[in-house]
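Keep in mind the model is a prediction, meaning the values are calculated, not measured. Letters go in sequence order (proteins before strands), and every chain restarts at 1.
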Amino acid sequence: MAKDSFRTHHGMVDILPGESEQWQAIEKIIHDTAREFHFREIRTPVLEPTELIARGIGQLTDIVSKEMFTFSRGEDNYVLRPECTAPVARAYIQHHLDQRGGTQKLYYIGPMFRAERPQKGRQRQFHQFGAELIGSDAPAADAEIIAFMVRIYEKAGIRNTTLKLNSVGDPESRRSYQQALHDYFRPILGQLSEISQQRFETNPMRILDSKEEEDQPFIADAPLITDYLNEECRNHYAGVKERLDLLGISYTEDPRLVRGLDYYTKTAFELVSPDLGSQDALGGGGRYDLLIEEIGGRPTPAVGFASGMERFLIACEALGITPGSDPVPDVYIVTRGDEAGKWGLRMLKTLREAGIRATMDFAARSVKAQMKDANREQARFCIIVGEDELKQGRFTLRNMSESDEQMLTPDEILTRLQPPVQSP
RNA sequence: GAGCCCAUAGCUCAGUAGGUUAGAGCGCCAGGUUGUGGCCCUGGAGGCCGUGGGUUCAAAUCCCAUUGGGCUCCCCA
């Protein structure tokens, strides 16, 4: 690589032709599924007020405490959004979407940013799609969100996933549970890993998440949140499970499933895949009944999920699924000479207006080089234009797979190519 | 923030008892067909062997540093 050239920042990747078609294909699945479920798209800015994210996600989370890309300009503090639930909630409040009546079913696709060390399935700029159902505390809302997420992967052909499900309770349940955890861990605190000892103070539930070898035996016997849920949370959890059963969505209850962001309440879920390596979650989410009030709205229950696009594609690749296909032109116009080149340009316009995908050479190369290029691009037909054709008003139409040629007028060529040849 | 691995052409990689002009396959460009692709043949372009220093008569090869990349921990999508 030349000395003076540039490359992307650490953890930022270019998506090139050949890959971009795969992205478009899964984006299409997401958009199509959203239509079936009647989720409506919302697009929020990539930059958000730093304070919104800090308050929404929680000061003590890793995301806020050490993974944000921030900068200031004048009085304003900007952050590259690390996730999209808080921004969507912000938009809901800002635009008074509650006044539109009913519940809001919103979905999004877009880049998110976290200043972590990159590894498989984790980049600094990564892409998430997700959905939020705002304004309902009913278990049916949780089920709808989960059904939407699950359906997208199902459509893509990703069948070997596991849906992990839990309830993390409401503040009241959480308090009694945290008390139980404190009572349980305090006597054995010295035997826990350093990180777990810290979490004992900050967020004892996270100890259950620990992967430290030394913690495992203690975690195995630790009290479970499900035993401390109050009646409301218990009923809600049962209601969600009942509806998932109803929808034929299988799940595995995981009483140790904890979500990383502070705003979650009650339902927590995660869709995991065995093909992702160390970062095994395709997506996750849950209920966040406290968030909207926390960032300045009226108390409003909501539930949502977020999924990683990069991990989606890793899962596809592991299963041998290649979403989308490389585009090929119907026609490649091969020209010889300046006049032919101009004719070709006009013909391109005509073809395209007829819905025929057409291109040509734009580097004034030899006929042979143009044919080679047409072959490389897998064009179905070539139109070959030189002085003879211009004089006769009839042009050579070459079928590239059959290798046969006909001399036709432009009108005949159009008729011959319509309806546009089918492409995969 | 911590650990491990890697670094030779556009891509995938050969190349160590250190020794003359650094290789292959694929890809790219051109010719063989003065207007015709895919197969084939021939030729060509393209590397200061990531960067800097050291050891040596001599370094892609040994040593140190540095940068970049990958993976893992932490955490998350």
I need a per-nucleotide contact map over nucleotides 33-42 of chain B, read 5' to 3'. Cutoff is protein heavy atoms under 4.0 Å; write B for the base, S for backbone only, - otherwise. --BBBB----
Counting any heavy atom closer than 4.0 Å, what does [X] reach on the DNA or RNA strands: base, sugar-phosphate only, or nothing?
| X | result |
| --- | --- |
| A/Ala374 | nothing |
| A/Gly130 | nothing |
| A/Leu282 | sugar-phosphate |
| A/Gln378 | nothing |

Does B/A45 adopt a syn or an anti glycosidic conformation, taking syn as a chi angle within 90° of 0?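 Base orientation relative to the sugar is anti.
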Excluding sequence neighbours, so at least two apart, what forms salt bridge (Lys or Arg N to Asp or Glu O under 4.0 Å) with A/Arg398?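 Testing A/Arg398 for salt bridge (Lys or Arg N to Asp or Glu O under 4.0 Å), a comparison that skips the adjacent residues, returns A/Glu405.
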Find the runs of at least 3 consecutive base pairs, i with j, i+1 with j-1 and so on, that include RNA chain B, using Watson-Crick or G-U wobble geometry with both distances under 3.5 Å.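 Result, WC/G-U stems under 3.5 Å: B:1-7 with B:67-73, B:10-13 with B:23-26, B:28-32 with B:40-44, B:50-54 with B:62-66.
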Check the interface with nucleotides 1-5 of chain B: list each N/O to N/O pair with the protein under 3.5 Å, or write none.
{"from": "B/A2", "atom 1": "N6", "to": "A/Arg117", "atom 2": "NH1", "distance (Å)": "3.2"}
{"from": "B/G3", "atom 1": "O6", "to": "A/Arg117", "atom 2": "NH2", "distance (Å)": "3.4"}

Could you work out the separation of [N] and [M] based on their [atom1] atoms and round it to a whole Å?
| N | M | atom1 | answer |
| --- | --- | --- | --- |
| B/C13 | B/G50 | P | 15 Å |
| B/G1 | B/A45 | C1' | 47 Å |
| B/C63 | B/G25 | C1' | 34 Å |
| B/A60 | B/A9 | P | 14 Å |

What residues form a ring pair (Phe, Tyr, Trp, His ring centres under 6.0 Å) with A/Tyr251, not counting sequence neighbours?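 With sequence neighbours excluded, A/Tyr251 shows a ring pair (Phe, Tyr, Trp, His ring centres under 6.0 Å) to no residue whatsoever.
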For B/A77, does the base pair up with any side-chain atom of A/Glu116 as donor and acceptor (N or O, under 3.5 Å, distance only)?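 Per atom types, the contact qualifies.
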Between A/Tyr237 and A/Lys241, is there a cation-pi geometry (under 6.0 Å to ring centre, at most 45° from the normal)?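 Verdict for A/Tyr237: a cation-pi partner in A/Lys241.
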Can you list the residues that meet the side-chain hydrogen bond (donor to acceptor under 3.5 Å, both in side chains) rule with A/Arg365, with sequence neighbours excluded?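 Per chain and number, A/Arg365 pairs via side-chain hydrogen bond (donor to acceptor under 3.5 Å, both in side chains) with A/Asp361.
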